[in-house]
Number of protein chains: 2
Amino acid sequence: MMKPRSRRGGGRPTIADVARKAGVSAITVSRALREPERVSKELRRQIQHAVGELGYMPDPNARALASARADVFGVLVPSLTNNVFAEVVRGIYDSLSDGPFRIQLGDTHYSGLEEERLLHLFLSQRPAALIVSGIDQTAAARRLLVTAGCPVVQIMETGPDPIDMLVGFSHFDGGRVATQHMINTGYRRVGFLGARMDPRSQRRLAGYRAAAEGAGLFDPRLVTTTPVPSSVSLGRELFREALAKVPTLDAVFCNNDDIALGVLFECHRASIDVPGKIGITGFNDLDMMHVAYPSVTSIRTPRYEIGRNAVAMALEEIDGNRPETRVIDLGFELIPRESTAR
Amino acid sequence: MMKPRSRRGGGRPTIADVARKAGVSAITVSRALREPERVSKELRRQIQHAVGELGYMPDPNARALASARADVFGVLVPSLTNNVFAEVVRGIYDSLSDGPFRIQLGDTHYSGLEEERLLHLFLSQRPAALIVSGIDQTAAARRLLVTAGCPVVQIMETGPDPIDMLVGFSHFDGGRVATQHMINTGYRRVGFLGARMDPRSQRRLAGYRAAAEGAGLFDPRLVTTTPVPSSVSLGRELFREALAKVPTLDAVFCNNDDIALGVLFECHRASIDVPGKIGITGFNDLDMMHVAYPSVTSIRTPRYEIGRNAVAMALEEIDGNRPETRVIDLGFELIPRESTAR
DNA sequence: TTGTATGCGTTATCAA
DNA sequence: TTGATAACGCATACAA
């Protein structure tokens with residue numbers, strides 16, 4: 001009876017405190033904060049003043065509860081440490097850092113089941129948008145996404161059948177172009193080295209195979225893969241293995257730049273001439289590839305831009321402007337360097 | 001009048017639905033979910049059944065609003081792409097993935113002001129715990145953390161004066177040990193190569209200087225730094241610059257492994273013998289350092305373990321068991337390799 | 001342009 | 001061990 005004021009709240013100023021101080025109603029404060037143009041200039045000023053005075057900050061939980069919508073972007077990537085996704089995530093953060101949106105990042109560890117679990121978790125917040133990696137969601141995950149009730153952007157790949165929106169590039173073409181480049185350069189026993197072999201790696205392998213078969217150079221013994229996560233040291237292992245299988249090997253297309261770097265180091269160690277005896281092409285074009293000696297040919301992928309585009313598309317849809325194009329192919333670029341220049 | 005049921009809710013099952021189905025009151029469902037032991041076995045069973053039947057998931061926003069506490073760990077790192085922090089973050093995610101906690105990740109871009117901004121943002125959610133990087137918070141940020149009302153763990157460094165809890169290692173000692181190692185090996189003109197030069201880099205430099213001065217080998221011209229963010233290509237630039245300044249340079253302690261790798265490649269390119277003509281020591285001991293040719297000496301830092309320890313400490317405190325030790329020094333390890341073996 | 005009444009889904013409080 | 005009631009802080013619906 002005596003103290004109807006906050007039993008539980010930590011005594012932080014609420015919207016009601018601001019309203020009282022500014023001499024208006026709570027809902028007017030709410031509006032002034034979210035849609036300033038709908039409130040008269042005069043009141044807006046008073047409210048801004050009161051907000052500053054009190055150090056008021058809206059409670060995102062109360063806001064989410066009342067509006068049935070959290071200002072949260074859910075982002076699901078298969079790995080946090082993989083440099084590739086780190087770049088994508090950076091693009092997302094950079095695009096969202098000056099707005100009202102928080103980012104909820106999830107690591108699926110390349111597991112479809114973990115993706116489902118995280119999706120459930122994220123969905124329970126009623127996120128403003130969802131960004132997920134790849135196009136190989138489980139049936140259950142796909143169902144969840146279709147009925148998510150918010151914009152959904154799949155990233156990293158292109159494909160014919162987006163759940164909602166899609167931005168990426170063709171890994172098949174990337175593998176094909178990289179392999180074709182080495183064939184054009186004159187290499188005849190071009191191997192494929194792949195770690196992890198997630199769906200995107202598989203498609204790069206398919207691209208490799210298409211190019212090799214097109215030139216009549218395919219031989220299954222040239223393909224060396226492992227489900228083990230990628231690393232520089234694994235690149236070395238795979239290369240040794242490949243060379244043991246096929247001593248006439250004269251080039252390798254590597255799943256990614258880590259593998260390529262491992263190959264390069266092993267060539268140094270074993271005094272194998274690059275590009276004379278072995279040609280090397282990587283994938284992603286990390287900074288180190290152009291610094292390496294010899295510098296390493298790679299496929300430059302638009303990782304940061306994928307992040308930015310994904311956010312831009314989602315924001316458009318949130319703003320009510322449904323993007324015309326639902327699929328964006330950002331392409332890639334072959335960067336020929338010393339490692340294949342013979 | 002007709003339909004007092006949910007105006008706005010998307011029709012998802014609520015705790016009231018579960019309660020009705022289980023024939024109990026809402027609060028009992030709430031308890032059964034959070035503190036099962038406080039509810040009779042019989043009711044617990046019925047409630048679990050109803051939950052499963054309905055596919056009920058608690059609304060984290062409503063929960064946070066009502067309890068004035070969100071099941072969120074706020075994590076602030078200076079960079080998302082830096083491999084070092086990626087490992088720390090992985091440790092944090094791995095430690096939290098099977099619990100009820102979400103993770104809110106923020107990227108301060110090495111800016112104290114951005115850190116303050118994010119802190120405000122995070123605090124408005126009333127997080128369960130906060131993990132922040134480094135010990136050089138601004139006065140304002142420190143104030144916010146002291147009054148955060150939740151466990152706060154500073155990570156990456158050790159120091160005498162934790163805001164609440166602290167887990168890391170001594171960067172000064174790391175720099176000292178790395179430098180001393182090269183001096184012990186016989187190098188006499190040991191340079192320091194540093195990018196970014198954030199506070200931790202500064203302390204590694206101080207350690208370098210202490211070791212160099214201790215041996216009577218310090219010379220300011222041996223120090224080459226830049227505020228530019230670190231990269232492999234920058235390593236090459238810095239090394240060239242250092243060599244131009246001091247042609248008698250015979251070793252370098254690198255701020256981090258990226259720089260060291262850039263130096264190694266430049267040595268290859270310029271046919272400079274490593275370790276004969278130039279010794280190289282890096283910092284962090286990324287996987288590639290032991291694969292490189294020659295393999296590169298580095299300081300192995302417990303990044304993943306820092307993440308795990310930080311979470312463990314915070315969880316202890318959340319559970320009401322205030323950890324005795326407020327500061328954990330996880331140490332580091334010098335890994336001598338070919339690049340300094342002469 | 002502004003305000004009133006009401007509910008969002010959950011938990012704290014207090015009583016039984 | 002269980003339940004009735006009243007917040008939590010804000011935004012929607014509707015009226016003025």
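All values derive from a computational prediction rather than experimental measurement. Protein chains get the first letters and strands the later ones, always in sequence-line order, with residue 1 at the start of each.
Between B/Asn61 atom CG and C/dT10 atom P the separation is 10 Å, expressed in whole Å. Whole-Å rounding puts the A/Gln125 CD to C/dT10 C1' distance at 16 Å. The interatomic distance linking A/Met57 (CE) with D/dC8 (P) rounds to 20 Å, in whole Å. Rounded to a whole Å, the CD1 atom of B/Ile47 is 10 Å from the C1' atom of D/dT2. Atom CD1 of B/Ile15 and atom C1' of C/dT10 are 6 Å apart (whole Å). In this structure, the CZ atom of A/Arg20 is 12 Å from the P atom of D/dC10, given to the nearest Å. With rounding to whole Å, A/Asp59 atom CG is found 14 Å from C/dG9 atom C1'. Note: CZ (A/Arg126) to P (D/dT12) measures 13 Å, nearest angstrom.
Ion pair B/Arg200/B/Glu157 flagged as a salt bridge, since at least one NZ, NE, NH1 or NH2 atom sits closer than 4.0 Å to an Asp/Glu carboxylate oxygen. With respect to the salt-bridge test (charged N to carboxylate O, under 4.0 angstrom), the residues A/Arg142 and A/Glu116 do not qualify.
Residue pairs meeting the ring-ring contact (aromatic ring centres under 6.0 Å, His included) criterion with at least one partner in residues 34-73 of chain B, sequence neighbours excluded, are B/Phe73-B/Phe101. Applying the salt bridge (charged side-chain N to carboxylate O under 4.0 Å, His left out) test to every pair with at least one member in residues 35-44 of chain B, sequence neighbours left out, gives these pairs: B/Glu42-B/Arg45. The stretch residues 108-167 of chain B participates, sequence neighbours left out, in no ring-ring contact (aromatic ring centres under 6.0 Å, His included) pair at all.
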So which protein nitrogen or oxygen atoms get under 3.5 Å of nucleotides 14-16 of chain C's nitrogens or oxygens?
none

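Of all nucleotides listed (D/dG3, C/dG3, D/dC8), D/dG3 comes nearest to the side chain of B/Thr28. Nearest to the side chain of A/Ile27, among D/dA11, C/dC8, D/dG3, sits D/dA11. When each of D/dG9, D/dC10, C/dT11 is scored by its nearest atom to the side-chain atoms of B/Leu65, the top-ranked nucleotide is D/dG9. When distances are taken from the side chain of B/Val24 to each of D/dC10, D/dG3, C/dT10, the shortest belongs to D/dG3.
With sequence neighbours left out, B/Tyr93 forms a ring pair (Phe, Tyr, Trp, His ring centres under 6.0 Å) with no residue at all. Residues meeting the side-chain contact (heavy atoms from CB on, under 4.5 Å) test with A/Val146, sequence neighbours left out: A/Ile163. In this structure, the side-chain contact (heavy atoms from CB on, under 4.5 Å) partners of B/Ser124, at least two apart in sequence or on a different chain, are A/Met57, A/Pro60. Remark: A/Pro229 pairs with A/Arg196 by the side-chain contact (heavy atoms from CB on, under 4.5 Å) rule, at least two apart or across chains.
Within a heavy-atom distance below 4.0 Å of DNA chain D, the residues of residues 34-43 of chain A found are A/Arg34.
Checking the phosphate oxygens (OP1, OP2) of C/dG3, a side-chain nitrogen or oxygen of A/Ser25 falls inside 4.0 Å. An OP1 or OP2 oxygen of C/dT10 is reached within less than 4.0 angstrom by no side-chain nitrogen or oxygen of B/Ser67. OP1 and OP2 of C/dT10 both lie 4.0 Å or more from every side-chain N or O belonging to B/Ser30.
For the residue pair A/Arg63/A/Ser67, the side-chain donor-acceptor check at 3.5 Å is not satisfied.
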